[in-house]
Student: 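Please find one structure pasted underneath; my questions will follow.
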Amino acid sequence: MKVAIYPGSFDPITNGHLDIIKRSLSLFDKIIVLVSFNPNKKYKFDVETKVNMIKETLIEEGISEDKVKVDSFSGLTVEYAKKNNATCLIRGLRVVSDFEYEWSLNAANNYIDPSIEMVFLMARKETSFISSSSINEMHDNGVDVSNLVPKAVLKYLK
Ligand code: COA
């Protein structure tokens, strides 16, 4: 069984993340969406809330827990992958600036454990401008973001 981890801050999950999850299912038997911790970021939502938003989104989408599991981890993602028999980490790429960041992340992960591969999926053009922080900023300033996030997220934003 091919298992992959989709790690990220998910602060909150957006339609862009959801698109990557759905497309990853054609490549892997099982995905673990991992709410991870980036020490350089200040988060709006706590880990439990972020996990709940993702779980509720998957239920709304009719995606079973056998296919996509949600978890959280505060240590190194590659270590979590190893412990959970996952061979790959999935990341979404939107624009060129993402590439530079992912290049460093890939190099660091490779240094820690070269047996874990990173797989990059290009964001669809409709979602390539979305980021969690832009969702939060738009919403806080009264912009309707209902086309950009799953329904489950909307009630948490309010
Ligand atoms: N659709 C929508 N948004 C997308 C996207 C897509 N397809 N692809 C990327 N993004 C956005 C996210 O919304 C996020 O936006 P934000 O910055 O406004 O929050 C941004 O791109 C990147 O965030 P994310 O993918 O969540 O990465 P991150 O930098 O917050 O966290 C971790 C990266 C958590 C995976 C990484 O820090 C990690 O693995 N941490 C654990 C410790 C570790 O193993 N470190 C690596 C070795 S030192």
Side-chain angles (χ1 to χ4, degrees), residues 3-28 31-54 57-58 61 63 68-84 86-141 143 145-154 156-157:
V3 182
I5 311 288
Y6 181 30
S9 293
F10 302 109
D11 191 49
I13 182 171
T14 69
N15 285 350
H17 295 127
L18 183 58
D19 177 53
I20 300 287
I21 293 170
K22 287 180 179 169
R23 287 161 55 202
S24 301
L25 281 171
S26 66
L27 301 171
F28 298 96
I31 313 292
I32 304 176
V33 180
L34 190 66
V35 176
S36 318
F37 182 69
N38 177 343
N40 302 313
K41 282 187 175 173
K42 202 170 175 303
Y43 293 127
K44 174 172 175 141
F45 298 101
D46 62 35
V47 173
E48 198 188 339
T49 306
K50 293 196 281 189
V51 166
N52 287 340
M53 282 192 272
I54 301 170
T57 297
L58 296 174
E61 292 292 320
I63 300 172
V68 183
K69 181 184 150 179
V70 188
D71 201 359
S72 62
F73 189 61
S74 58
L76 294 173
T77 307
V78 286
E79 284 178 359
Y80 179 94
K82 196 94 181 179
K83 277 191 207 131
N84 288 275
T87 49
C88 294
L89 304 184
I90 299 162
R91 298 282 294 162
L93 280 181
R94 294 163 302 170
V95 286
V96 176
S97 53
D98 279 353
F99 178 82
E100 282 186 45
Y101 177 61
E102 296 301 328
W103 192 93
S104 312
L105 195 59
N106 180 59
N109 284 337
N110 249 284
Y111 179 77
I112 303 165
D113 186 343
S115 72
I116 307 288
E117 282 296 342
M118 288 186 78
V119 173
F120 299 95
L121 296 185
M122 295 295 290
R124 299 278 192 232
K125 65 176 186 316
E126 309 79 54
T127 63
S128 59
F129 71 98
I130 309 176
S131 71
S132 299
S133 50
S134 68
I135 294 286
N136 291 329
E137 195 178 346
M138 284 193 276
H139 179 266
D140 290 349
N141 287 286
V143 178
V145 293
S146 56
N147 290 326
L148 307 177
V149 292
K151 277 200 192 73
V153 171
L154 281 177
Y156 288 90
L157 286 173

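Excluded from the calculations below are hydrogen atoms, water molecules and symmetry mates; all remaining heavy atoms, backbone and side chain alike, are included. In each ligand, atom 1 is the first atom listed, and ligand 1 is the first ligand listed.
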Student: For the pair Phe10 and His17, name the ring-plane relationship: parallel under 30°, tilted 30 to 60°, perpendicular over 60°.
Tutor: perpendicular
Student: Tell me yes or no: between the side chains of Asn52 and Tyr156, is some donor less than 3.5 Å from an acceptor?
Tutor: no
Student: Which is closest to atom 3 (N) of ligand 1 by heavy-atom distance: Leu18, Ile130, Thr77?
Tutor: Ile130
Student: On a heavy-atom basis, which atom in Met138 and which in Val145 lie closest, and how many Å separate them?
Tutor: CB-CG1, 3.8 Å
Student: Considering residues at least two apart in sequence or located in another chain, which fulfil the side-chain contact (heavy atoms from CB on, under 4.5 Å) criterion with Asn110?
Tutor: Asn106, Pro114
Student: Do Glu117 and Thr87 have side-chain heavy atoms sitting under 4.5 Å apart?
Tutor: no
Student: In terms of residue, atom name and distance, what is the protein heavy atom nearest to atom 37 (O) of ligand 1?
Tutor: Asn38 CB, 3.8 Å
Student: So between Phe120, Tyr101, Tyr43, whose heavy atom ends up nearest atom 29 (O) of ligand 1?
Tutor: Tyr101
Student: Where is the tightest heavy-atom contact between Thr14 and Pro150, given as atom of each residue plus distance?
Tutor: C-CD, 3.8 Å
Student: Identify, for atom 14 (C) of ligand 1, the protein heavy atom at the shortest distance, and state residue, atom and that distance.
Tutor: Lys41 NZ, 3.9 Å
Student: Which atom pair, heavy atoms only, marks the closest approach of Ala86 to Ile116?
Tutor: O-CD1, 3.4 Å
Student: Considering Glu137, Arg91, Arg94, Arg23, which one's heavy-atom position lies nearest to atom 10 (N) of ligand 1?
Tutor: Arg94
Student: Please could you name the atoms of ligand 1 that Ser132 approaches to less than 4.0 Å, counting only its heavy atoms?
Tutor: 13 (O), 15 (O), 18 (O), 19 (O)
Student: Identify, by atom number and element, the atoms of ligand 1 in contact range of Leu105, meaning under 4.0 Å from any of its heavy atoms.
Tutor: 46 (C)
Student: Given Leu34, Leu76, Asn40, Val35, which one has a non-hydrogen atom that is nearest to atom 43 (C) of ligand 1?
Tutor: Leu76
Student: Between Asp11 and ligand 1, which part of the residue brings a heavy atom under 4.0 Å of the ligand: side chain, backbone, both or neither?
Tutor: neither
Student: Mark up the atoms of ligand 1 that fall under 4.0 Å of a heavy atom belonging to Asn109, in ascending order.
Tutor: 46 (C), 47 (C)
Student: Please lay out, stage by stage, how Ser24 and Tyr6 fare under the test side-chain contact (heavy atoms from CB on, under 4.5 Å).
Tutor: CA-CA 9 Å; Ser24 301; Tyr6 181 30; 5.8 Å; no
Student: Can you report which non-hydrogen protein atom sits closest to atom 12 (C) of ligand 1, along with the distance?
Tutor: His17 NE2, 3.6 Å
Student: Does some side-chain heavy atom of Asn136 sit less than 4.5 Å from a side-chain heavy atom of Phe45?
Tutor: yes
Student: Check for me whether Gly75 has a heavy atom closer than 4.0 Å to any atom of ligand 1.
Tutor: yes
Student: Could you tell me whether the side chain of Lys44 reaches within less than 4.5 Å of the side chain of Ile135, counting heavy atoms only?
Tutor: no
Student: Answer yes or no for Thr14: is there a heavy-atom contact with ligand 1 below 4.0 Å?
Tutor: yes
Student: Could you tell me whether Lys82 and Asp113 have a side-chain N and a carboxylate O separated by less than 4.0 Å?
Tutor: yes
Student: Check ligand 1 against Ser36 and write out every atom of the ligand that is under 4.0 Å from a heavy-atom position of the residue.
Tutor: 34 (C)
Student: Gly16 heavy atoms, cut-off 4.0 Å: which ligand 1 atoms fall inside?
Tutor: 1 (N), 2 (C), 6 (C), 7 (N)
Student: Can you tell me which residue and heavy atom of the protein come closest to atom 18 (O) of ligand 1, and the distance to 0.1 Å?
Tutor: Ser133 OG, 2.4 Å
Student: Looking at Ile20, which atoms of ligand 1 are within less than 4.0 Å of one of its heavy atoms?
Tutor: 7 (N)
Student: Considering only residues two or more places apart or on different chains, which pairs with a residue in residues 120-129 satisfy side chain to side chain donor-acceptor pair (under 3.5 Å)?
Tutor: none
Student: Got the closest protein heavy atom to atom 26 (O) of ligand 1, with its distance?
Tutor: Ser9 N, 2.6 Å
Student: Which residue holds the protein heavy atom closest to atom 40 (N) of ligand 1, what is that atom called, and what is the gap in Å?
Tutor: Phe37 O, 3.2 Å
